[in-house]
Structures are given as C-alpha cells and as structure tokens.
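All heavy atoms count here, side chains included; hydrogens, waters and symmetry mates do not.
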Amino acid sequence: MRKLFRYLFSVLLFITSIGVYCSNRLMYMKKKDNDFILKREQEAGRLDPVSFENLTKQEITLPSPYGYDLKAILVEPFETKKYIIISHGVTENKTSSIKYMNLFLERGFNGIIYDHRRHGESGGKNTSFGYYEKFDLKQIVDWVRREKGKDIILGIHGESMGAATMILYAGGIEDGADFYIADCPFSDFTDQLNYPIKQEIKLPGKIFIPIANIFLRARARYSIKDISPISVIDNIKSPMLFIHSQKDDFILPEMTQKLFDKKQGPKKLFFAVNGFHAQSYNENKEAYEKAIDDFLKEYVDIN
C-alpha cells in the first residue's frame with residue numbers, strides 16, 4: 001500500500017510540475033525589454049524619435065473589460081476619415097508597431113498603436129495569446145468608432161499573436177473593421193504549440209498540452225482549444241490580406257495558407273521571399289508595400 005501511495009504521489013507530483021511549468025511558460029512568457037525594442041527599432045532605421053515626437057498625437061488610456069488599463073497612442077496628422085489600428089506580436093510592444101503605422105501614415109491614414117495586456121505600459125497579469133486580448137482590441141475599436149464616427153474607414157493590421165488576436169476578434173466577437181491585414185498569424189494554438197514541442201524535446205505535444213490546458217483553465221480561466229483563429233475565420237466578411245514569409249520556421253507559412261483557403265469573401269495572399277518570423281516587412285519592404293497598395297486599391301475605397 002505504501003509503495004502504491006508513493007507511486008501515485010510521484011505521478012501526481014510529476015503532473016503538477018509539468019502543469020505549473022508549462023502554464024507558467026505560456027502565461028508569463030518572457031517579454032522583450034522596452035529599451036531593447038526602442039534601441040532595436042532606432043538602429044534598424046525603422047524609428048526616428050524626432051519625427052515621431054513631432055507627429056500630432058494623443059496618449060490614451062482605456063479600461064479593459066478585465067480590470068486593467070490599456071495604453072494607446074492616437075497619431076492623427078491628417079484631417080481624414082481613414083484610420084488604422086496596429087496590433088503587435090507577443091513579447092513586443094507598441095514601439096514595434098510604429099514601422100507599420102508609418103507605412104499607413106504615408107498612405108494618408110491616421111494610426112492607433114497600443115500595448116496588449118501584460119505588454120508595454122498596459123496592465124494585465126498574464127498573456128493569453130488572443131483569448132482575452134481580442135476583447136481588449138474591441139475596446140480600441142469601440143473607442144475609435146465612438147470618437148471619430150461610425151462612417152470612418154477603419155483597418156486593423158496584426159502581426160503574429162496580434163494577427164491571431166485580430167482574427168479572433170473579427171470572427172469571434174464582431175466583424176468591426178472595414179479591412180484586415182494578417183501578418184504571420186497562427187491558425188490554431190494547439191497546433192502551434194505542438195510544433196515547437198516536437199522540435200525542441202522530440203516528443204509529441206499531446207503528452208504535455210492537455211496537462212498545460214488543465215492548469216491554464218484553473219489559473220487563467222481560458223482554454224488552449226479556444227484560441228483557434230481558423231475556427232472563426234469564415235465569419236469574417238470584410239476584405240483581408242494575408243502575409244507570411246516563406247522561410248518562417250516559428251509559425252509555419254502553411255498556417256496562413258489554411259486561413260486564406262477558409263476565409264470567405266474578398267481576400268488576397270502575399271508570401272514574402274526573405275526573412276524569418278515577423279520579418280516580412282523588414283526584409284521585403286518594397287514587395288510588402290506593393291502587396292498592401294494592391295489590396296487597398298482592389299478592396300478598400302480610400303479616396
């Protein structure tokens with residue numbers, strides 16, 4: 001009996017250790033330092049602090065439905081009805097969104113950049129890879145519509161987790177924008193987790209993911225299974241441009257292909273030749289901008 005008890009205790013301890021470790025890795029994924037991001041963007045020539053400082057802008061604080069503050073910046077140099085929201089990737093912050101905002105400023109849009117929960121200056125205790133973030137994105141959309149009018153042309157550009165968040169918002173809550181640009185999103189979080197687990201420790205993710213999911217549900221009140229952009233993509237009717245680097249080995253290009261294939265209504269697809277994950281714009285600037293120009297010209301009335 002004692003041997004059985006020790007065996008059961010050992011199994012329970014092992015499962016608990018795996019569950020806590022895996023859920024911690026997800027909930028508290030190490031973020032890039034704010035100063036590191038700022039320095040990186042400056043040194044790469046993607047951020048000119050003087051030009052950014054001279055832009056007409058307004059700092060905004062909005063309440064999340066989950067009790068913390070969302071920090072955003074409205075950049076509004078133009079008297080126009082065209083607005084773009086930029087949704088950054090995991091471990092990044094709104095500083096890394098400036099390069100995309102500048103792209104749209106050059107096309108006559110005003111921009112909104114913001115920090116996801118537990119990123120940058122926003123509150124929030126953990127990261128949920130789009131599950132809670134999609135409701136925060138709705139707060140940003142609602143604010144822009146309320147402040148700038150329901151007749152504005154509103155787009156959302158998302159990168160990586162930010163793109164998945166955008167799809168979960170548009171397909172799972174409301175199709176609230178006039179167009180979307182999804183840069184390197186994952187199609188399903190379970191599949192996304194399974195791939196690096198197999199690559200790193202040579203074991204199938206089905207051994208660890210169910211354990212992690214139990215602990216996530218208990219600790220953070222969300223399920224990995226609920227983070228599935230591909231399960232809601234066919235609810236989105238507004239035009240969508242999908243972008244992915246062919247060399248991305250973190251979120252595989254085939255995930256974007258699957259999303260593109262299932263999306264109903266107006267859509268376009270651009271696979272960048274150079275760059276790894278979230279580097280399509282950095283490594284293919286002219287081709288990236290052409291893909292956006294062609295998309296806007298075909299599907300979005302921006303005159």
Side-chain angles (χ1 to χ4, degrees), residues 29 31-33 36-48 51-52 84-107 109 111 113 129 155-167 179-188 191-193 195-196 198-200 229-230 233 239-263 267-300:
M29 176 175 278
K31 300 173 292 182
K32 297 182 180 71
D33 182 76
F36 167 81
I37 294 174
L38 180 63
K39 182 179 179 181
R40 181 196 67 195
E41 295 301 298
Q42 287 180 280
E43 291 181 347
R46 296 188 290 263
L47 170 61
D48 179 353
S51 297
F52 181 72
I84 186 79
I85 298 170
I86 312 296
S87 177
H88 67 75
V90 70
T91 78
E92 299 285 341
N93 63 29
K94 59 182 176 293
T95 299
S96 62
S97 297
I98 291 174
K99 61 180 179 289
Y100 296 120
M101 181 193 69
N102 286 340
L103 185 158
F104 282 92
L105 291 181
E106 292 171 0
R107 285 151 181 80
F109 282 77
I113 56 176
F129 297 90
I156 304 175
H157 177 292
E159 177 190 86
S160 192
M161 183 195 79
T165 296
M166 178 189 72
I167 295 170
F179 67 90
Y180 306 94
I181 299 173
D183 188 332
C184 61
F186 56 80
S187 56
D188 182 85
D191 293 343
Q192 175 57 28
L193 289 176
Y195 174 71
K198 288 194 295 184
Q199 295 296 310
E200 291 179 19
I230 201 163
I233 188 73
M240 183 174 291
L241 170 63
F242 296 87
I243 298 173
H244 215 117
S245 171
Q246 294 176 354
K247 297 179 181 179
D248 193 338
D249 59 356
F250 180 66
I251 296 179
L252 299 181
E254 65 190 48
M255 286 197 160
T256 279
Q257 184 68 60
K258 290 177 180 178
L259 287 165
F260 174 80
D261 291 342
K262 195 176 180 186
K263 163 74 169 72
K267 58 185 178 180
K268 290 182 80 69
L269 176 64
F270 168 61
F271 281 119
V273 175
N274 301 313
F276 292 98
H277 183 63
Q279 295 297 310
S280 292
Y281 184 52
N282 297 341
E283 301 294 332
N284 308 266
K285 189 173 185 295
E286 291 184 4
Y288 195 105
E289 292 187 2
K290 184 179 185 304
I292 286 181
D293 287 337
D294 291 345
F295 171 73
L296 293 176
K297 182 177 179 181
E298 184 171 356
Y299 291 124
V300 182

J.: What's the separation between atom CG in Asp293 and atom CD in Glu298, rounded to the nearest 0.5 Å?
T.: 13.0 Å

J.: Is it true that Lys290 and Asp294 make a salt bridge, defined as a side-chain N closer than 4.0 Å to a carboxylate O?
T.: yes

J.: For Tyr100, give me all partners under ring-ring contact (aromatic ring centres under 6.0 Å, His included), at least two apart in sequence or on another chain.
T.: His157, Tyr281

J.: NZ/Lys247 to OG/Ser280 distance, rounded to the nearest 0.5 angstrom?
T.: 11.0 Å

J.: Between Lys268 and Phe242, is NZ or CZ placed under 6.0 angstrom from the six-membered ring centre and within 45° of the ring axis?
T.: no

J.: Hey, does Phe295 have a side-chain heavy atom less than 4.5 Å from the side chain of Pro239?
T.: yes

J.: Is the shortest side-chain heavy-atom distance between Ile37 and Glu92 below 4.5 Å?
T.: yes

J.: Any non-hydrogen side-chain atom of Met29 less than 4.5 Å from a side-chain atom of Phe129?
T.: yes

J.: Would you tell me whether Tyr288 and Asn282 have side-chain atoms, one donor and one acceptor, within less than 3.5 Å of each other?
T.: no

J.: Working to the nearest 0.5 Å, report the span between CG of Leu252 and SG of Cys184.
T.: 11.5 Å

J.: Locate the shortest heavy-atom distance separating Ser160 from Gly89; write the atom from each residue and the value.
T.: CB-CA, 4.3 Å

J.: Donor-acceptor pair, distance only, cut-off 3.5 Å: does the side chain of Thr256 make one with the backbone of Pro253?
T.: no

J.: Taking side chain as C-beta onward, heavy atoms only, is Ser187 less than 4.5 Å from Pro229?
T.: no

J.: Which pair of non-hydrogen atoms, one from Ser96 and one from Arg40, has the smallest distance, and what is that distance?
T.: CB-NH2, 3.6 Å

J.: How long is the straight-line distance from CD1 of Ile167 back to CG of Leu259, given to the nearest 0.5 Å?
T.: 5.0 Å

J.: Look up atom CG in Leu105 and atom CZ in Phe52, then write down how far apart they are to the nearest 0.5 Å.
T.: 9.5 Å

J.: Test salt bridge (charged side-chain N to carboxylate O under 4.0 Å, His left out) on Glu289 and Lys285 and set out the steps.
T.: CA-CA 6 Å; Glu289 292 187 2; Lys285 189 173 185 295; 2.8 Å; yes

J.: Taking the side chain from Asp183 and the backbone from Gly158, do they hold a donor-acceptor pair closer than 3.5 Å?
T.: no

J.: Backbone N or O of Met161 within a donor-acceptor pair of the Thr165 side chain at under 3.5 Å?
T.: yes

J.: With side chain to side chain contact (heavy atoms under 4.5 Å, CB included) as the test, would you mind laying out the steps for Ile84 and Ile156 before giving the verdict?
T.: CA-CA 6 Å; Ile84 186 79; Ile156 304 175; 5.6 Å; no

J.: Does the side chain of Ile243 come within less than 4.5 Å of Ile181's, by heavy atoms?
T.: yes

J.: Are Met240 and Ile233 close enough that some pair of their side-chain heavy atoms sits under 4.5 Å apart?
T.: yes

J.: Aromatic rings His277 and His244: how do their planes relate, parallel, tilted or perpendicular, breaks at 30° and 60°?
T.: tilted

J.: Strictly below 4.0 Å, N to O, side chains only: are Asp188 and Lys258 in salt-bridge contact?
T.: no

J.: Between Gln192 and Ile251, does the side chain to side chain contact (heavy atoms under 4.5 Å, CB included) criterion hold? Intermediate values first, please.
T.: CA-CA 7 Å; Gln192 175 57 28; Ile251 296 179; 3.6 Å; yes

J.: Could you check whether any side-chain N or O of Thr91 sits under 3.5 Å from a backbone N or O of Lys31, counting only pairs where one atom can act as donor and the other as acceptor?
T.: no

J.: Mind checking what makes ring-ring contact (aromatic ring centres under 6.0 Å, His included) contact with Phe271, not counting sequence neighbours?
T.: none

J.: With a 4.5 Å limit on heavy-atom distance, are the side chains of Leu103 and Ile292 in contact?
T.: yes

J.: Looking at Glu106, I want to see if its CD is surrounded by more than 12 non-hydrogen atoms of other residues, nucleotides or ligands under 6.0 Å.
T.: yes

J.: Donor-acceptor pair, Glu159 side chain versus Ser97 backbone, under 3.5 Å?
T.: no

J.: Is there a side-chain contact between Asn102 and Ile98, using heavy atoms and a 4.5 Å cut-off?
T.: yes

J.: Just verifying a value: how many Å separate Lys267 NZ and Lys262 NZ, rounded to the nearest 0.5 Å?
T.: 11.5 Å

J.: For the residue pair Asp48 and Ser51, confirm or rule out a side-chain donor-acceptor distance under 3.5 Å.
T.: yes

